Structures are given as C-alpha cells and as structure tokens.
Engineer: 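Take a look at this one; I'll ask things after.
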Amino acid sequence: QVQLVESGGGLVQAGGSLRLSCVASGSIFSIAYMGWYRQAPGKQRELVATIASGGSTNYADSVNGRFTIARDTAKNTVYLQMNNLKPEDTAVYYCYADIAMVHNTRVFYPYWGQGTQVTVSA
C-alpha cells in the first residue's frame, strides 16, 4: 500500500509564506507526476501545481509567480513554497502522485494525501 502524508499547513497573514511538504511511502517502484491541488469551501478541487519526474512544472495562473513546486526524487517528497499569500489562497491543500508499485511496475495509479489546511487572514 501507498501513503501520502502532507505537512506544513497553518494560519498566516496576507503577504506571508508557508511551505508544504508531502512524503510518499510504501511499496513504491516509481513516481511520475507529483502535485498539489486545493479545495476551498463550496468550491471544486482545483490544480495548483504539478511537477513531472523530469522536473518540468505547471502552475495555475492564480499562483504563477508566487508559488514554487519542487521534488526530491530520492526521498519521494514534493514541496510547495507559497509566498505572498492572499486570503483567496485559503483552502485545504491536497498532495497528489502517480505511482507504480513494486508488484506492478508498468501501471501508474493516482494517490492522494489527506489534506492540510492553509488559512490566510486579511
């Protein structure tokens, strides 16, 4: 089995910064994409940023230039550095990863973390 565990959420004032981390553990053979999504109350879950195994990144327009995604392949970890936070960034942030397990190395399945709350006060 695979687990994704996020950390680093919290309460911050507008203009502040937070760094989220997500560690994948279990019988992992390979991880393709890793990323972050978020869901605000009453809204659908939306993509924040993704990073491929080769390092290419993709960002939502709303966070481009303020957030930076990075990964440590050796540690199966993905990070999200969030700067200049705004009240509209308030949401539960979910880690995501496409993972192939050791007993089925040719198939990648999507896995999600449990979410971490980020609250930005005005």
Side-chain angles (χ1 to χ4, degrees):
Q1 193 52 279
V2 171
Q3 269 195 321
L4 272 63
V5 179
E6 302 107 332
S7 60
L11 173 64
V12 65
Q13 288 187 330
S17 298
L18 284 174
R19 188 190 193 215
L20 305 183
S21 300
C22 172
V23 181
S25 62
S27 302
I28 297 170
F29 174 75
S30 179
I31 302 178
Y33 282 91
M34 300 187 81
W36 294 92
Y37 287 69
R38 67 187 181 187
Q39 187 167 18
K43 295 188 177 181
Q44 289 189 331
R45 190 173 297 189
E46 63 176 3
L47 180 146
V48 176
T50 61
I51 183 166
S53 57
S56 60
T57 58
N58 180 51
Y59 295 94
D61 289 343
S62 59
V63 307
N64 200 15
R66 299 187 297 122
F67 292 9
T68 302
I69 190 170
R71 67 189 282 178
D72 185 329
T73 302
K75 296 181 179 180
N76 291 335
T77 300
V78 63
Y79 306 96
L80 185 69
Q81 177 66 43
M82 305 184 292
N83 298 329
N84 191 21
L85 282 159
K86 303 176 180 180
E88 51 263 43
D89 295 318
T90 296
V92 177
Y93 283 70
Y94 296 91
C95 175
Y96 168 89
D98 282 325
I99 297 175
M101 297 177 68
V102 296
H103 61 270
N104 192 356
T105 61
R106 292 184 292 177
V107 180
F108 287 82
Y109 291 98
Y111 290 90
W112 293 89
Q114 81 287 353
T116 185
Q117 177 71 45
V118 171
T119 302
V120 184
S121 63

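All of these numbers come straight from a predicted model, not from anything done at the bench. Every heavy atom of this structure was used, including side-chain atoms; hydrogens, water molecules and symmetry mates were not.
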Engineer: Out of curiosity, does Val12 fall in the hydrophobic cluster containing Trp36 (side-chain heavy atoms, cut-off under 4.5 Å, transitive links)?
Structural biologist: yes
Engineer: Please find the pair of heavy atoms, one from Gly9 and one from Val118, that lie closest to each other, and give the distance.
Structural biologist: CA-CG2, 4.2 Å
Engineer: Provide the closest heavy-atom pair for Ile31 versus Ser53 in the form atom of the first, atom of the second, distance.
Structural biologist: O-CB, 3.8 Å
Engineer: Show your working on side chain to side chain contact (heavy atoms under 4.5 Å, CB included) between Tyr96 and Cys22 and close with a plain yes or no.
Structural biologist: CA-CA 9 Å; Tyr96 168 89; Cys22 172; over 6 Å; no
Engineer: To the nearest 0.5 angstrom, please state how far the OH atom of Tyr94 sits from the OG1 atom of Thr116.
Structural biologist: 10.0 Å
Engineer: Once rounded to the nearest 0.5 Å, what's the spacing between atom OH of Tyr59 and atom CG of Leu47?
Structural biologist: 11.0 Å
Engineer: Any side-chain heavy-atom pair from Ser21 and Lys75 closer than 4.5 angstrom?
Structural biologist: no
Engineer: Okay, side chain of Glu6, backbone of Gln114: is any donor-acceptor separation there less than 3.5 Å?
Structural biologist: yes
Engineer: Starting at CG of Leu80, measure out to CZ of Arg19 and round the result to the nearest 0.5 Å.
Structural biologist: 10.0 Å
Engineer: Can you get from Tyr111 to Val102 by hopping between Ile, Leu, Val, Met, Phe, Trp and Tyr side chains that sit under 4.5 Å apart?
Structural biologist: no
Engineer: In Å, rounded to the nearest 0.5 Å, how long is the span from OG1 of Thr90 to CD of Gln117?
Structural biologist: 7.0 Å
Engineer: Under a 4.5 Å side-chain heavy-atom rule over Ile, Leu, Val, Met, Phe, Trp and Tyr, are Leu20 and Val92 clustered together?
Structural biologist: no
Engineer: Could you measure the distance from the CD1 atom of Ile69 to the CD atom of Gln81? Nearest 0.5 Å is fine.
Structural biologist: 12.0 Å
Engineer: Between Asp89 and Met82, is any pair of side-chain heavy atoms under 4.5 Å apart?
Structural biologist: no
Engineer: Looking only at non-hydrogen atoms, find the nearest pair between Pro87 and Ala14 and report the distance.
Structural biologist: CD-CB, 4.1 Å
Engineer: If every non-hydrogen atom of Ala70 is compared with every non-hydrogen atom of Ile51, which pair is closest and at what distance?
Structural biologist: CA-CD1, 4.0 Å
Engineer: Is there a side-chain contact between Tyr79 and Asp72, using heavy atoms and a 4.5 Å cut-off?
Structural biologist: yes
Engineer: Check this for me: Gln13, atom CD, are more than 12 non-hydrogen atoms of other residues, nucleotides or ligands nearer than 6.0 Å?
Structural biologist: no
Engineer: Write down the atom of Tyr109, the atom of Asn104, and the distance for their closest heavy-atom approach.
Structural biologist: OH-ND2, 4.2 Å
Engineer: Would you say Val2 and Met101 make side-chain contact, with heavy atoms under 4.5 Å?
Structural biologist: yes
Engineer: Of the non-hydrogen atoms in Val78 and Cys95, which two are nearest, and what is the gap between them?
Structural biologist: CG1-SG, 3.8 Å
Engineer: Of Asn64, Val63, Thr68, which is the lone residue that meets side-chain contact (heavy atoms from CB on, under 4.5 Å) with Arg66?
Structural biologist: Val63
Engineer: Walk me through whether Asn76 and Ile99 qualify under side chain to side chain contact (heavy atoms under 4.5 Å, CB included).
Structural biologist: CA-CA 10 Å; Asn76 291 335; Ile99 297 175; over 6 Å; no
Engineer: Any side-chain heavy-atom pair from Tyr37 and Trp112 closer than 4.5 angstrom?
Structural biologist: yes
Engineer: Between CD of Gln44 and CD of Gln39, what distance do you get to the nearest 0.5 Å?
Structural biologist: 8.0 Å
Engineer: Does Pro110 reach the side chain of Tyr33, with side-chain heavy atoms less than 4.5 Å apart?
Structural biologist: no
Engineer: Does the plane of the ring in Phe67 sit parallel, tilted or perpendicular to the ring in Tyr93? Use 30° and 60° as the thresholds.
Structural biologist: tilted
Engineer: Would you say CD of Gln3 has more than 12 non-hydrogen atoms from neighbouring residues, nucleotides or ligands within 6.0 angstrom?
Structural biologist: no
